Amino acid sequence: MRYAHEVGNVRAAEGALMARLPEGTLMQRAAAGLARVCAGLLDRVYGADVVVLAGSGDNGGDALYAGARLARRGARVRVVAAGSRLHQAGLADLRAAGGRLIETAAAGEAVAEADLVIDGLTGIGGAGALREPHATLARAASEASGTVVACDVPSGVDASSGRVEGAAVRADVTVTFGTLKPGLLVDPGASYCGVVELVDIGLGPYLNDPDVVSPAAEDVRPPLPGAESDKYRRGVVGILAGGDEFTGAAVLATGGAVHGGAGMVRFASVPHAVELVRHRWPEAVTTVIEPGAKALDAIGRVQAWVVGPGLGTGDDAEELISAVLSTDLPVLVDADGLTVLSRRRDLLTRDAPTLLTPHAGELARLLDADRTAIEARRLEYVRRAAAELDATVLLKGSTTVIAEPDRPVRVNPTGTPWLATAGTGDVLSGLTGALLAGGMSALDAACAGAYLHGLAARLAAGGPHPEAGESPISAYDVITALPDAFRTLR
Ligand SMILES: NC(=O)C1=CN([C@@H]2O[C@H](COP(=O)(O)OP(=O)(O)OC[C@H]3O[C@@H](n4cnc5c(N)ncnc54)[C@H](OP(=O)(O)O)[C@@H]3O)[C@@H](O)[C@H]2O)[C@@H](O)CC1
Ligand SMILES: [K+]
């Protein structure tokens with residue numbers, strides 16, 4: 001797991017640690033780590049052209065001390081001061097090492113020709129949209145042809161949330177201190193960071209529980225069949241999807257489940273959807289159901305339900321969703337099911353686990369909120385959704401985030417922009433339903449489902465020669481790549 005802490009937590013740990021150390025120690029540790037990474041990025045430090053963008057806080061101080069370390073190794077270091085103040089001791093050290101301050105008016109040219117730009121405008125103290133001249137400097141850095149290294153956080157990115165309200169530095173590398181910050185893991189902030197390097201400054205023992213975690217491959221443990229397993233013990237997932245209008249979603253969700261490790265997939269729907277699913281996935285056991293409260297009775301036993309993809313949003317769909325949520329089994333609700341729930345939130349009052357898998361638009365309907373606001377503040381809204389709806393919520397999108405009341409939010413590290421194509425969400429719901437039926441908790445199933453789905457998409461997009469770049473993929477390609485994604489976890 002990778003752990004991330006919000007600004008308040010970082011400051012509390014910093015205070016506790018600083019009380020035990022001589023003044024300035026932490027800043028020197030940070031600066032040393034930053035300078036080390038910068039030096040590694042340069043072909044040669046001696047003679048390299050380095051520009052430090054320094055704000056008036058300690059983030060600027062770190063950058064100035066790092067600049068001084070590079071200057072002592074022979075780099076030509078120039079500093080642009082943003083704002084009225086500069087960290088005085090840092091500036092004095094840089095000057096003593098041969099660095100010099102230049103006018104803001106000359107900054108554009110200096111940044112454009114630099115081999116390396118260090119962004120020390122704002123760190124965890126940054127708040128709201130960057131003001132001037134910070135915003136202009138951030139834009140210049142983002143367009144620089146040299147390597148751009150952000151100190152702690154790319155300036156303009158909110159460290160706790162990943163929110164970006166105006167200009168922000170697009171970094172090639174972000175060197176962060178003590179612990180990751182949630183804004184480095186969650187879009188839009190994450191997309192500004194480049195490669196994130198964590199520098200240990202000794203904060204670890206003083207940090208509280210993380211606010212956000214991001215799983216690595218070893219944290220994703222889908223259930224494995226043992227010698228004793230049979231299809232029932234491995235988990236039977238029931239899929240209620242498709243209708244007279246939409247059938248593709250049913251085929252794709254079933255495919256996700258068939259390749260998601262379920263012992264058996266039961267699929268139930270109207271005759272046309274059943275016919276298509278049978279044709280494409282002979283592995284699935286299918287049932288034609290009549291609308292009505294007794295629809296589930298004909299299907300046979302399952303360990304978890306997936307309901308919603310392509311189901312429609314009318315009275316029949318509502319009745320089916322109501323019946324499924326009245327069971328004492330884990331239920332994953334997706335797509336049309338979520339639209340129905342946005343007018344029937346009362347159906348969510350239940351004891352068994354409920355997993356909701358909305359994209360921003362569906363969550364906007366569920367919370368009566370604004371879609372754009374959700375996309376800009378994914379962490380805030382996924383937490384709010386989990387608390388208000390009393391469910392596990394997986395918010396799909398450029399960064400998929402998963403929340404359960406009173407737990408750290410999980411951020412999925414896999415995926416590719418090519419995943420933004422019709423039908424991939426249906427695959428995710430079938431896959432995750434299979435993991436739920438296999439006995440995983442809603443949080444772990446959501447996490448493993450998102451991880452495997454994103455990995456399968458990357459494998460599909462990268463093909464046999466990923467070094468040659470990625471290509472467009474279809475939802476069906478994601479299903480086909482799932483076995484390879486599972487294999488990478490072994
Ligand atoms: N915590 C740790 O463990 C360690 C922390 N360390 C380092 O300290 C950093 C935190 O330093 P910090 O607290 O001085 O805040 P920082 O990020 O420099 O920003 C404050 C300045 O930004 C300005 N400003 C704010 N918003 C703005 C805007 N929208 N647009 C423009 N300006 C804006 C604000 O201006 P003001 O509002 O005062 O006018 C103020 O001058 C941290 O990120 C890390 O690098 C390490 O040295 C060691 C270990
Ligand atoms: K910064």
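One-based numbering, in listed order, for ligands and for the atoms of each. Not measured: the values here are computed from a predicted model. Counting begins at 1 with the first residue of the sequence.
- Look at G83 and you'll find every heavy atom at least 4.0 Å from all atoms of ligand 1.
- A salt bridge is absent between R410 and D219; no separation between the charged side-chain nitrogens and carboxylate oxygens falls under 4.0 Å.
- Not a single N/O/S atom of V169, whether from backbone or side chain, sits less than 3.4 Å from the K ion (ligand 2).
- A donor-acceptor contact shorter than 3.5 Å is absent between the side chain of T414 and the backbone of L452.
- Residue-ligand proximity, G123 to ligand 1, at heavy-atom distances under 4.0 Å covers atoms 16 (P), 17 (O), 43 (O).
- For the pair D158 and K181, the salt-bridge criterion is not met [side-chain N within less than 4.0 Å of a carboxylate O].
- For D119 and S155, the side-chain atoms include at least one donor-acceptor pair closer than 3.5 Å.
- Side-chain polar atoms of N9 and N208 form a donor-acceptor pair below 3.5 angstrom.
- Remark: at the K ion (ligand 2), atom OD2 from D119 and atom O from V153 enclose 80°, rounded to the nearest 10 degrees.
- Each of the atoms 1 (N) of ligand 1 lies under 4.0 Å from some heavy atom of V10.
- Among all non-hydrogen protein atoms, the one lying nearest atom 15 (O) of ligand 1 is G125 CA, 3.4 Å.
- Scanning all protein heavy atoms for the shortest distance to atom 10 (C) of ligand 1 gives I124 CG1, 3.6 Å.
- Selection from T122, T179, D152 by nearest heavy atom to atom 23 (C) of ligand 1 gives T122.
- Within the set G128, A129, A150, A127, the minimum heavy-atom distance to atom 27 (C) of ligand 1 is found for A127.
- Close N/O approach between C151 and ligand 1 is not found [any backbone or side-chain N/O within under 3.5 Å].
- A salt bridge does not link E143 to R139: none of the charged nitrogens lies less than 4.0 Å from a carboxylate oxygen.
- The 12-atom threshold is not exceeded at CZ of R221, counting heavy atoms of other residues, nucleotides or ligands nearer than 6.0 Å.
- Side chains of S474 and D477: a donor on one and an acceptor on the other come within 3.5 Å.
- Close N/O approach between M27 and ligand 1 is not found [any backbone or side-chain N/O within under 3.5 Å].
- Between R29 and D200 there is no salt bridge, since no side-chain nitrogen of the basic residue lies less than 4.0 Å from a carboxylate oxygen of the acidic one.
- The proximity of I201 to ligand 1, defined as any non-hydrogen pair under 4.0 Å, is limited to the side chain.
- One finds a salt bridge joining D93 and R72 here, because a Lys/Arg side-chain nitrogen approaches an Asp/Glu carboxylate oxygen to under 4.0 Å.
- Of the protein's non-hydrogen atoms, the one nearest atom 47 (O) of ligand 1 is D62 OD1, 2.5 Å.
- Taking each of R131, E132, E165, E14 in turn, the one with a heavy atom nearest to atom 35 (O) of ligand 1 proves to be R131.
- By the 6.0 Å contact criterion, CD on E109 is open, its count of non-hydrogen atoms from other residues, nucleotides or ligands being 12 or less.
- Heavy-atom minimum distance, A434 versus A257: CB-O, 3.8 Å.
- Among the atoms of D152, no N, O or S atom is found under 3.4 Å from the K ion (ligand 2).
- Residue R85 approaches ligand 1 through these ligand atoms, each under 4.0 Å from one of its heavy atoms: 38 (O), 41 (O).
- The contact set between ligand 1 and R11, taken as ligand atoms under 4.0 Å from a residue heavy atom, comprises 13 (O).
- Separating the CE atom in M18 from the CG atom in L26 is a distance of 6.0 Å, to the nearest 0.5 Å.
- Atom 9 (C) of ligand 1 has N59 N, 3.6 Å as its closest protein atom, hydrogens excluded (heavy atom only).
- Taking only non-hydrogen atoms, the option from D58, V7, N9 nearest to atom 8 (O) of ligand 1 is D58.
- The residue from G33, S56, G55, G178 that puts a heavy atom closest to atom 40 (C) of ligand 1 is S56.
- Numbered from 1 in the order shown, with element, the atoms of ligand 1 that lie under 4.0 Å from a heavy atom of H134 read 31 (C), 32 (N).
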